[in-house]
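This report concerns only the one structure given below.
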Amino acid sequence: MKHGSGRFQIRSMVVLLAVAALLVPGTASAAPPVEDEGADCAVTLPGSIPANAKLPDPFKRLNGSRITTKADWRCHRAETKKLAEKYVYGEKPKKPASVTGSVTNTGITVNVTDNGKSASFSAKVELPSGTGPFPAVVVLGGFGADTAAIKAAGAAVISYDPLAVGKEGTPRNNKQGAFYSVYGSSSSTGLLLAWAWGVSRIIDVLEQAGGGVLKADATGVTGCSRYGKGAFVTGAFDQRIALTMPVESGSAGGPIFRGLPGESGAQPLSSAYGEQPWLGDAFGSYTGNPAGLPVDTHQLAGLVAPRGLLVMENPHIDWLAAKSGSVGALGGAEVYQALGAGANITYWSDVQDGNHCAARTEWKTPIQQHIQAFLHKSGSVSGTMRISGKKAGNLGEWRDWQTPALS
Ligand code: MCU
């Protein structure tokens, strides 16, 4: 075989493998290299959408038809994302006109300019032992993430303070932090999506830095409690994130909105909306009427699909709504299954220690297996649904649709 044609064959093999990896979402392959794969999809939201006491069909388009192929998912996902922005979280602006910054062994700086307004923030980096470049897990907030387990699995920890990007304790009409310095203190986007935007800008900087210290295509995200809500939303809204690991996220996180009014002791929607401006301003019309929401959190998990998702919940504190959380994960798992990626979502609420955001021995192995599979891209996960009997929801009660076999 001539040298030239051999090279050609190798190159076409590489292209074929890359295409195959994109077509087979079940493989723990590289995360898509862009923040939003469906940015070019034409999406027009109707003025109003009929109320539905059950979970919206995650496969049904706005025009009423259902998707039939895996390829249909890309633009259907874009519709779902737009609904989630409009009704629940507020808008996530697209990549700013300018993002610059630096990555060192100890920290990351981020400078953003958009619409003529600028803001900066930074994050701390801790490397694992060994030789880099390393994958990294962005840890939102300073507690409740097993950073020792993350580092022992060979991933760096990027400690990110979400409050620098979206401050708590402000009224909705005077939001503060780097996001609101750029997009305005009266932006209707809630803190969770502002926090998510900050992580996306960190990934922009990782990409630009060229991967000498931290790999840009092997990023995970985690956080506990309010930062579990943030981690979940972050993973849903940036397809460069290969692994999403929300911990004990509670209301406004993984649990289905529709389940909260009926779940004994769960944080009510009005409380999750009112305690901090976590959700977008538009959600205020639905705190007493979740049936009016055209999306629910099983579809947020669907936005993460087929990428790695490890949802960890605590069934011992009623406020954390783990029963509704289990339904969100079971509903999300239907999307994963339809995309041929059923193994890529794991839910785990069967834990002993009842303390909120405790370091839990039960989660150490699944966290490390997920880092291996989705950040180191070797080894596999099995899609475990380890639901505590204390808070086991029933997806069947919440849906009137079945999962299609997508071709
Ligand atoms: C579970 O997350 C929240 C919860 O939604 C709030 O009601 C409570 O005040 O704080 C929790 C939290 O973030 O704890 C650290």
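We count ligands from 1, going down the list as the structure has it; atoms in each ligand are counted the same way.
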Close approach of F143 to ligand 1, heavy atoms, under 4.0 angstrom
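Heavy atoms of F143 do come under 4.0 Å of ligand 1.
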Any non-hydrogen atom of G228 lying under 4.0 Å from ligand 1?
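Heavy atoms of G228 never come under 4.0 Å of ligand 1.
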Please list the nearest protein heavy atom to [atom] with its residue and the distance rounded to 0.1 Å.
atom	answer
atom 2 (O) of ligand 1	S225 OG, 2.7 Å
atom 10 (O) of ligand 1	R226 NH2, 2.9 Å
atom 5 (O) of ligand 1	Q267 OE1, 2.5 Å

Is it the case that the ring center of Y183 lies less than 6.0 angstrom away from the ring center of W197?
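Judged by ring-centre distance (under 6.0 Å), W197 and Y183 do meet the cut-off.
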Does the ring centre of Y89 sit less than 6.0 Å away from the ring centre of F283?
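No: the rings miss the under 6.0 Å criterion.
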Lys/Arg cation over aromatic Y273: R172, 6.0 Å, 45° cone:
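R172 over Y273 ring: yes.
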Can you see whether W401 has K60 sitting over its ring - NZ or CZ less than 6.0 Å from the centre and within 45° of the normal?
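Not satisfied by the 6.0 Å and 45° rule.
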Side chains of [Y] and [X]: any donor to acceptor distance under 3.5 Å?
X	Y	result
S120	N111	yes
R307	Y336	no
E313	S349	no

Polar contacts were defined as any N/O atom of the residue lying under 3.5 Å from an N/O atom of the ligand; does this apply to [X] and ligand 1?
X	value
S251	no
K229	yes
E275	yes

Sole residue of R226, K229, R360 in side-chain hydrogen bond (donor to acceptor under 3.5 Å, both in side chains) with E248
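When side-chain hydrogen bond (donor to acceptor under 3.5 Å, both in side chains) is applied between E248 and each of R226, K229, R360, only R360 qualifies.
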Examine the proximity of ligand 1 to S249 and report which part, side chain or backbone, both or neither, has a heavy atom under 4.0 Å away.
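The answer is the backbone.
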Identify, by atom number and element, the atoms of ligand 1 in contact range of L320, meaning under 4.0 Å from any of its heavy atoms.
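By the 4.0 Å cutoff, the relevant atoms are 1 (C).
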Under 4.0 Å to a heavy atom of H356 - the qualifying atoms of ligand 1, by number
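Listed by number with element, the hits are 12 (C), 14 (O), 15 (C).
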